[in-house]
Amino acid sequence: MTPLPTSGLGVDLDVAAYALRLGDDALVLGQRLAEWAARSPQIEEDVALLNLALDQLGAARSLLTHAGRLLGPDADGHVRTEDDLAFLRDEPDWTNALLVELDGGDFGRTMARQLLVSAYQVPLYAALGSSADEGIAGVAGKAVKEVAYSLDHARSWVVRLGDGTDESHRRVQTGLDEVWPYAFELFERDPLVDRLLERGVAADPAAIEQQWQATVQEVLAEATLTVPETTWRPTGGRRGAHTTGFGYLLAELQHLHRSHPGARW
Amino acid sequence: MTPEAQVREVLSAVTDPEIPVITIDDLGVLRDVQVEGGHVTVTITPTYSGCPAMDEIEADIRSALAARGFDDVEVRSVLSPAWTTEWMSEAGREKLRAYGIAPPTRRASGPVLVTLGRPVRPSCPRCSSDDVEELTRFASTSCKSLWRCRACREPFDHFKDH
C-alpha cells in the first residue's frame, strides 16, 4: 500500500533470507490449513482452522514484502513484491521447513502437526519481538499474540483426541508418530543463523527447542500420548529440498497467478 | 481549525467495514495524521496480521478525504507498536455493547498470556448476566469469539481481548 522507495533500499541478503524462511513457513502452513475449508468435522472447526490460516497468511504477507525489499532490485531494477515471491518462485527456491508442508492427513494428524508448529512459533515470535531487525520485530510483536490462540486450539484438541475414545487416541497417536521426526529441522543451526545470532537478528534455536520440549511434553502427557522414540531426522527444507507433496501444494497455490499473469478481482 | 484537525474530522466518519457501528478511530486502528503542504499522510495499523478489512479501510479513507478536497493522500500501514484492545475508546466499547457485541473485558497491559482453555469471561451485552459460556474461540472475524448467555439464552459475539 506504500510505494516503495526507488533508492536507499538497504539491501541485506542475510536478513532477507531469514525473513523468507519465516515467511515461507507461515505461508505454506496457512495453505495447508486452508485445505480444510468446507471439510472440517464441524462448522466451528472450519471457521477456527481458517482463522489460524488467516493469521499465518497475514504474517507471511508482511515477511515476504520485507524480504523482497531487503533482496534489493533484480537485474531489471524490479523490487520483488509479496506476490512475486509467493507465486513466481519454483520449488528449490522455497525455504520453509518440511514439517509445515506435510499433508494434513486426517484431523488427528493435522492437530498433531499444529501442536508441534505452534509450540515452536510461540517462543520463536516472543524472542523475535526484540530482534535487531525492526521489520521482523514488528511482525513478531503482532504474531506472538495470534499464535498463542493457535497453540491453545491445538493443545485442547490434542488432549481431547488423545484422552478421548480408543479410535481418536489411535488416530492422533498415528498422526503424531508420522509428523514428529520432521519437527527437529526447526531447531537446526547453519551459517546463516550463526551470523544473524551474532547481529541480534535471529532467535536462538537451542533456547526455542527447550521451550518447545517443555510445552510438547506437558501436552502429550495430559493427552495420554506416547512421545515417539524414532531418531530419524529428515531435513533439507531450508536448502530448498522438499517432500514430494510440496510440488502439488505449489501447483495449487500458484496456478491461477501463473495462468493469468496480473489477474485482479 | 488546523489541517490535521480537518482531516481527523473527516476520518471520524470512517467506520470498520465489518463492524459498521464503530469508527477506525474508536477502534485504535487510526494511529496518526500528518499534513505537510497539501500532502496528507494517514497511518493505520491492522487489528490482526491477516485482517482482510485493511484494503477496504484504506479505500474508505481515500474516498472520504477526496470528497472533501484532499487529493494528495498517502495511507501507511504499520505493524509496530502492535495493536491492542487497550487502544479501544470508551465510546467505542459502549457502541459495541449497544450493537450486541460484548466489548473486550479488560485493558491489556504487556503481552496477552496464553489462557490455556480458560478464557476471560465477558458479560452478556443484552441482559448483562455473567452466566455465559464460550461456544467457539473463532467466530465470524478474527477479532471475535462466539458466546451464549445462559440467562437470556441469546448467542452473542465477543470482541476478544488482544
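Letters go in sequence order (proteins before strands), and every chain restarts at 1.
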>> Which residues in residues 44-53 of chain A have any heavy atom closer than 4.5 Å to a heavy atom of chain B?
In response: A:Glu44, A:Val47, A:Ala48, A:Asn51, A:Leu52
> Hey, is CD on B:Glu133 packed in by over 12 heavy atoms from elsewhere, all under 6.0 Å?
Replying inline: yes
> OH of A:Tyr149 to OG of B:Ser145: how many Å apart, nearest 0.5 Å?
Replying inline: 7.5 Å
>> For B:Tyr48, does the six-membered ring have the charged nitrogen or CZ of A:Lys145 within the cation-pi criterion, i.e. under 6.0 angstrom from the centroid and within 45° of the normal?
In response: no
> Does any heavy atom of chain A fall under 4.5 Å from the side chain of B:Thr136, the backbone, both, or neither of them?
Replying inline: side chain
> In Å and rounded to the nearest 0.5 Å, what is the OG to CG distance from B:Ser142 to A:Asp55?
Replying inline: 5.5 Å
>> Looking at A:Arg61, I want to see if its CZ is surrounded by more than 12 non-hydrogen atoms of other residues, nucleotides or ligands under 6.0 Å.
In response: no
> In this structure, are over 12 heavy atoms from other groups packed under 6.0 Å from A:Glu252 atom CD?
Replying inline: no
> Any chance CZ of B:Arg150 has more than 12 other-residue heavy atoms, nucleotides or ligands included, within less than 6.0 Å?
Replying inline: yes
> Is chain B contacted by the side chain of A:Leu54, its backbone, both, or neither, given a heavy-atom distance below 4.5 Å?
Replying inline: both
> Does any non-hydrogen side-chain atom of B:Ser80 lie less than 4.5 Å from one of A:Glu134?
Replying inline: no
>> Is it the case that over 12 heavy atoms from other parts of the model lie below 6.0 angstrom from the CD atom of B:Glu4?
In response: yes
> Residues in ring-ring contact (aromatic ring centres under 6.0 Å, His included) with A:Phe87, at least two apart?
Replying inline: A:His257
> So does A:Ile43 have more than 12 non-hydrogen atoms from other groups sitting under 6.0 Å from CD1?
Replying inline: no
>> With ring-ring contact (aromatic ring centres under 6.0 Å, His included) as the rule and sequence neighbours excluded, what pairs involving residues 19-38 of chain A come up?
In response: A:Trp36-A:Phe107
>> Nearest 0.5 angstrom please: B:Thr47 OG1 to A:Glu146 CD, how far?
In response: 8.5 Å
> Checking heavy atoms, do the side chain of A:Ser62, its backbone, both or neither come under 4.5 Å from chain B?
Replying inline: side chain
>> So for B:Pro46, is it side chain, backbone, both, or neither that comes closer than 4.5 Å to the heavy atoms of chain A?
In response: both
>> For a side-chain contact (heavy atoms from CB on, under 4.5 Å) check, start with the C-alpha distance between B:Ser49 and A:Val139, then their side-chain angles and the critical distance, and finish with the verdict.
In response: CA-CA 8 Å; B:Ser49 305; A:Val139 176; 5.8 Å; no
>> Just to verify, what does B:Phe138 make a ring-ring contact (aromatic ring centres under 6.0 Å, His included) with, not counting sequence neighbours?
In response: A:His153
